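Reviewing the structure listed below.
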Amino acid sequence: MSATGNHRRRKSTSLTRGLIAATTGGAALVLPLVGAGFASAAPAQSATAEKAAASTVATVKEKTAQKDAPTIYSVIAGDTLSKIAREHSLSGGWQKLYEDNREIVGDNPAGIRPGMKLTIGAQAESKTSAAAAPAVKPATYTNDLDGWIKKSLAVMAKHSIPGSYDGIHRNVMRESSGNPLAINNWDSNAAKGTPSKGLLQIIDPTFRAYHVPGTSMDSYDPIANITAACNYAADKYGSIDNVFGAY
């Protein structure tokens with residue numbers, strides 16, 4: 001028994017075991033904690049930088065959009081296309097302004113009048129919209145009294161001329177019974193050589209004075225006749241809706 005005992009391996013002391021535990025088990029515990037601390041710090045800093053960059057980009061885009069947004073300008077007495085383009089520093093000058101608003105101004109660039117609503121900076125927006133959205137088909141109107149009134153109302157809306165379908169229809173039926181070629185050859189206007197014509201029985205001098213750009217210069221034309229008469233009624237009575245008799 002004693003011989004066997006002489007060959008036994010000596011037991012490690014408690015201090016040695018403690019050092020081994022600190023060297024092995026301690027390292028296994030400490031290293032993951034240190035690694036985790038650095039791993040979590042880097043993404044936090046990266047996320048903050050990304051948010052700051054995104055905020056800067058959004059601000060730049062917002063300012064650019066505000067700068068490029070079209071402006072609606074209401075024409076006042078004494079205005080010309082050149083004057084308006086110059087005051088708004090419009091690239092392309094009055095020609096660009098006229099091109100963008102030709103449907104409102106009409107065939108004569110000098111034909112702008114107080115109250116017209118001109119869009120400044122519309123070209124860039126329209127090109128962007130055309131690329132981003134499918135083309136919208138233009139409205140179609142029937143070639144009868146219903147279609148003439150509806151098309152006239154669309155033209156009137158572009159020129160801020162007040163009036164309703166019922167107001168126009170009521171006056172048309174009283175003045176001409178819906179006949180676009182009606183003419184009055186017997187009243188005082190006819191005696192002066194300016195007979196009342198068309199759907200809303202308007203005389204030529206009044207038709208020319210209140211003609212709406214973009215419509216025919218023929219006073220018998222249904223659309224031109226209605227819009228000119230409504231433009232006159234708006235000036236004299238506030239709206240064609242306020243007319244219930246001879247005007």
Side-chain angles (χ1 to χ4, degrees), residues 68-85 88 90 92 94-130 133-169 171-172 180 198-200 202 206-243:
D68 295 339
T71 300
I72 303 300
Y73 178 80
S74 182
V75 177
I76 61 175
D79 273 344
T80 64
L81 292 179
S82 296
K83 178 183 176 183
I84 298 170
H88 288 78
L90 182 62
W94 71 265
Q95 294 91 339
K96 172 71 165 54
L97 183 60
Y98 176 57
E99 178 185 348
D100 291 345
N101 295 276
R102 183 162 187 163
E103 187 174 352
I104 294 175
V105 176
D107 296 332
N108 182 7
I112 65 172
R113 298 196 311 276
M116 282 185 175
K117 306 294 183 182
L118 304 183
T119 302
I120 300 175
Q123 191 72 6
E125 181 186 70
S126 63
K127 287 183 178 180
T128 302
S129 300
V136 178
K137 293 182 179 180
T140 56
Y141 304 95
T142 54
N143 189 28
D144 54 19
L145 182 57
D146 178 72
W148 300 331
I149 294 177
K150 288 178 179 178
K151 186 172 182 179
S152 295
L153 285 169
V155 175
M156 290 162 59
K158 293 179 180 179
H159 294 269
S160 301
I161 300 173
S164 69
Y165 184 99
D166 290 341
I168 295 173
H169 188 274
N171 282 283
V172 165
L199 290 173
L200 283 172
I202 188 170
T206 302
F207 174 81
R208 288 192 294 269
Y210 289 91
H211 173 259
V212 177
T215 63
S216 172
M217 287 302 299
D218 180 4
S219 61
Y220 283 112
D221 178 86
I223 312 305
N225 188 281
I226 291 175
T227 52
C230 287
N231 195 21
Y232 166 77
D235 185 37
K236 298 299 181 180
Y237 306 100
S239 170
I240 190 69
D241 295 343
N242 299 329
V243 178

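A quick note: this is a predicted structure, and the numbers were derived from the prediction, not measured.
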Point-to-point distance, once rounded to the nearest 0.5 Å, from OH of Tyr210 to OG1 of Thr227: 14.0 Å
Donor-acceptor under 3.5 Å (His211 side chain, Asp218 main chain): no
Ile149 side, atom CD1; Asn171 side, atom CG - distance, nearest 0.5 Å: 10.0 Å
CG on Leu200 to OG1 on Thr206, rounded to 0.5 Å: 12.5 Å
Distance, nearest 0.5 Å, that separates CH2 of Trp148 from CG of Leu199: 6.0 Å
Shortest non-hydrogen contact from Tyr141 toward Gly147: CB-O, 3.7 Å
Asn108 atom CG: more than 12 heavy-atom contacts under 6.0 Å: yes
Shortest non-hydrogen contact between Ala228 and Phe207, atoms and distance: CB-CD1, 3.6 Å
Whether Asn231 side chain and Val212 backbone form a donor-acceptor pair below 3.5 Å: no
Heavy-atom pair of closest approach, residues Tyr237 and Asn242: O-ND2, 2.8 Å
NZ (Lys158) with more than 12 external heavy atoms under 6.0 Å: no
Exercise: identify the closest heavy-atom pair between Ile76 and Pro114: C-CG, 4.1 Å
Residue pair Ala233 / Val243: nearest heavy atoms and the distance that separates them: CB-CG2, 4.2 Å
Donor + acceptor pair across side chains of Ser164, Asp241 (<3.5 Å): yes
Heavy-atom closest contact (Thr119 atom, Leu97 atom, distance): O-CD1, 4.0 Å
From CD1 (Ile120) to NE2 (His88), nearest 0.5 Å: 3.5 Å
Min side-chain heavy-atom separation Ile168-Met156 under 4.5 Å: yes
Short side-chain to backbone donor-acceptor contact, His169 and Tyr165, under 3.5 Å: no
Short side-chain to backbone donor-acceptor contact, Asn225 and Tyr220, under 3.5 Å: no
Validation row: Leu81, Leu118 side chains within 4.5 angstrom (heavy atoms): yes
pair Asp144-Asp146: side-chain heavy atoms closer than 4.5 Å: yes
Non-hydrogen side-chain atoms of Arg102 and Asp107 separated by less than 4.5 Å: yes
Polar side-chain atom of Asp79 near backbone of Ile112 as donor-acceptor pair, under 3.5 Å: no
Student check: side-chain heavy atoms of Pro213 and Arg113 closer than 4.5 Å: yes
Under 3.5 Å donor-acceptor, Asp221 side chain and Met217 backbone: no
Interatomic distance, Gln95 atom CD to Asp100 atom CG [nearest 0.5 angstrom]: 12.0 Å
